[in-house]
Amino acid sequence: MSDFIKITSTDIPEINGSFSSHEELYKFSIEKPEEFWGPIARARLRWDKEFTKVMDCNMEKGVFDWFIGGKLNASVQCVDRHCEVDPDRIALIWEQDEPGKEQRITFRQLKEMVCKIANVLKSEGVRKSDRVVMYISISPLAVASMLACARIGAVHSVIFAGFSAEALASRIMDAGASVVITSDQSIRGGRLIELKKTVDAAVAKCPSVRRVLVARRTGNPVPIIEGRDVWLEEAMEAQSVECIPESMDSEDSLFMLYTSGSTGKPKGLVHSTAGYLLYASFTHKQVFDIRDGDIFACVADIGWITGHSYVVYGPLVNGITTVLFESHPAYPDHGRYWEMVQRIRPTQFYGAPTAIRLLLGHDSSYVTKYDRSSLRTLGSVGEPINHEAWQWYHEVVGKGKCDVVDTWWQTETGGICISPRPSAPGAEIRSAMPMRPLFGIAPVILDDKGNVLEGRDVSGALCIRKSWPGIARTVYGDHSRYYDTYFKPYPGYYFTGDGSIRDLDGYYHITGRMDDVINVSGHRLGTAEVEDALDEHFSVAESAVVGYPHDIKGEGVYAYIVLKEGVIQEHKQIIAELRSIVRTKIAGHAVPEIMQICPSLPKTRSGKIMRRILRKIAADQIEELGDVTTLADPSIIEYIIKNHRHCI
Ligand code: WTA
């Protein structure tokens with residue numbers, strides 16, 4: 001047959017057999033997951049002991065085992081294997097905050113750093129499966145520390161270095177960590193951030209912590225607590241450059257990462273060793289068309305899943321050079337990304353729509369004056385990308401020559417699940433939608449009664465009906481919360497929390513969160529978390545937080561506040577205090593942009609806050625309020641609408 005393409009030779013060489021189309025290979029990956037993932041896992045990871053069974057998964061219970069019986073070490077996949085063949089290849093390029101300043105680390109140097117830190121951790125008594133908290137921004141030492149944990153089988157938990165001391169303390173306590181790794185300060189956009197001081201304030205509340213390892217970033221003096229704090233670089237000096245890797249089970253935890261949900265405290269999602277590594281590296285290769293010698297620039301921080309999967313694990317397992325971006329897209333000016341592209345010459349660039357929206361408002365000469373000819377693929381992640389941002393990315397940054405991939409995934413999925421690539425050669429890519437499921441990913445759209453909506457032109461809750469290797473395995477210390485959040489809402493399916501449309505052509509669009517999670521500049525935030533913080537103010541009776549459309553951030557935080565009776569404090573003062581409470585309890589990115597003080601909130605007769613209405617008002621869609629007849633007191637709506645424009 002002349003139109004019989006041997007996709008396997010270009011796409012996935014490990015799969016034997018010919019497929020007439022991309023579609024056929026995709027079907028095979030869904031229907032025969034063992035035959036699909038087995039050979040790929042065997043070929044792409046180095047096993048100390050090969051697995052005996054590919055998978056044993058139960059979507060009803062939310063229990064997943066992949067590559068059963070296998071043994072391996074994650075740091076070996078990321079450094080040792082590449083060190084053996086090409087030790088002088090550049091593993092990391094650290095694009096430092098100071099414009100024009102970069103540091104290059106070879107695979108040999110990275111391996112030495114990893115082993116030394118691993119030996120430091122061992123000498124501190126850290127053992128297999130112990131949790132190590134990291135509160136540090138991106139740098140070679142930070143990446144090496146993650147891999148050092150992996151080398152000895154400890155579970156790293158990186159907390160984004162913008163979170164407050166209280167947020168950090170609650171995560172340290174939840175993880176029961178005894179060692180914290182941080183740096184003296186960090187620096188972003190020329191601004192110093194006091195990491196060590198924040199760690200001191202957090203650790204004061206965490207009796208489990210016996211050691212704080214402090215790396216030097218700025219060299220400025222910071223308080224050191226005798227007997228507890230140790231300079232990381234000094235401790236490394238005494239250590240050997242060899243450290244025998246711990247042989248881990250496929251299903252042993254590699255790391256945990258906290259993320260916000262619609263209720264309760266942020267949860268520590270736990271990722272596995274083999275399944276996660278395979279999925280992060282496989283998707284990295286397929287979506288970004290990775291070839292030998294590529295330089296991959298994902299500008300996320302390691303405090304988020306994007307940094308874990310596509311700055312650290314994906315690129316390093318694939319043995320290419322990965323860029324660690326420490327700065328800000330507008331520092332020292334709006335050309336920072338593209339000046340870096342000209343100097344470092346990456347082949348792929350992976351960033352967030354919020355940054356693109358920030359940049360497109362400025363003169364395009366900030367882009368065009370730099371040489372971007374090294375770029376082949378431009379990726380977008382973290383939130384929906386609007387058409388204007390997509391077009392600008394495609395036309396101005398990529399000069400129409402690069403493929404733009406809008407990638408949909410989550411902390412929970414471990415890696416990209418829906419993306420225009422991979423697709424059959426020459427297949428179209430459309431603006432601003434992730435379009436096609438990855439191999440092994442079976443998305444379904446369900447209506448509110450839980451019926452699967454077949455066919456095209458349908459919209460509803462986005463679920464996934466089959467397990468894949470990268471899915472998070474549990475919530476740390478609370479498997480029932482994992483089950484309740486992801487598997488109970490639609491029995492037999494993984495519920496993503498997002499809404500989706502499958503259009504007339506069968507392509508997927510993401511319509512946004514269906515729960516009380518908002519996405520501020522790509523950072524996930526539970527509205528309940530912000531409400532809990534606001535409610536702590538002694539003048540606040542209750543609050544309701546919703547997201548509203550924001551030109552640059554995607555969504556902004558809008559808080560409706562009800563004060564206790566008889567409060568005489570000035571409103572301006574209360575608002576200032578509320579901002580500071582949210583900053584102290586959570587983080588700067590959680591502080592509401594808009595706060596409206598109201599006499600009460602719209603509630604149903606049974607006392608439930610009608611958030612749907614509050615969201616519409618915040619979005620200025622007052623004509624679309626819908627049915628308000630179930631409200632206990634409809635007059636409050638009028639009041640809120642009237643005052644909505646005058647809030648602070
Ligand atoms: C949203 C980030 C639309 C979505 C990797 C998801 C997106 C949440 C996209 C996960 C996209 C991520 N289009 N929405 N391409 N990518 N999202 O856990 O709501 O920080 O559920 O993981 O971001 O955020 P998280």
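As a basis for the values below, the full set of heavy atoms in this structure was taken, side chains included, without hydrogen atoms, waters or symmetry mates. Whatever order the structure lists ligands and atoms in, that order sets their numbers, starting from 1.
Considering backbone and side-chain atoms together, Thr259 places no N or O closer than 3.5 Å to any N or O of ligand 1. Ligand 1 has no nitrogen or oxygen under 3.5 angstrom from a nitrogen or oxygen of Thr306. Of the polar atoms of Thr496, none of the N or O atoms is found under 3.5 Å from an N or O of ligand 1, judged by distance alone. Distances between N or O atoms of Asp406 and those of ligand 1 include at least one value under 3.5 Å. When only interatomic distances are considered, the shortest N/O to N/O separation between Thr411 and ligand 1 falls below 3.5 Å.
Taking every heavy atom of Asn519 and a limit of under 4.0 angstrom, the matching atoms of ligand 1 come to 1 (C), 23 (O).
Using a 4.0 angstrom heavy-atom cutoff, Trp409 counts as in contact with ligand 1. At least one heavy atom of Gly382 sits closer than 4.0 Å to an atom of ligand 1.
Across Arg524, His523, Glu383, heavy-atom proximity to atom 13 (N) of ligand 1 is greatest for Glu383. Among Gly497, Ser309, Pro384, Ala300, the residue whose heavy atom lies closest to atom 14 (N) of ligand 1 is Pro384.
When only modelled atom types and interatomic distance are considered, Tyr486 and Glu412 share a side-chain donor-acceptor pair under 3.5 Å. If you check the side chains of Tyr258 and Asp174, you find a donor sitting under 3.5 Å from an acceptor.
Counting only heavy atoms from C-beta outward, the side chains of Leu324 and Ile93 never approach each other to under 4.5 Å.
Here Tyr279 and His271 keep their ring centres 6.0 angstrom or further from each other.
Contact between Pro329 and Tyr337 at its shortest, heavy atoms only, is CB-CZ, 3.5 Å. Residues Ile464 and Cys417 approach most closely at CD1-SG, 4.5 Å, considering heavy atoms.
Residue, atom and distance of the protein heavy atom nearest to atom 4 (C) of ligand 1 are Asp498 OD2, 3.0 Å.
Cation-pi contact between Arg502 and Tyr507: absent, since separation from the ring centre below 6.0 Å together with deviation from the ring axis within 45° is not met.
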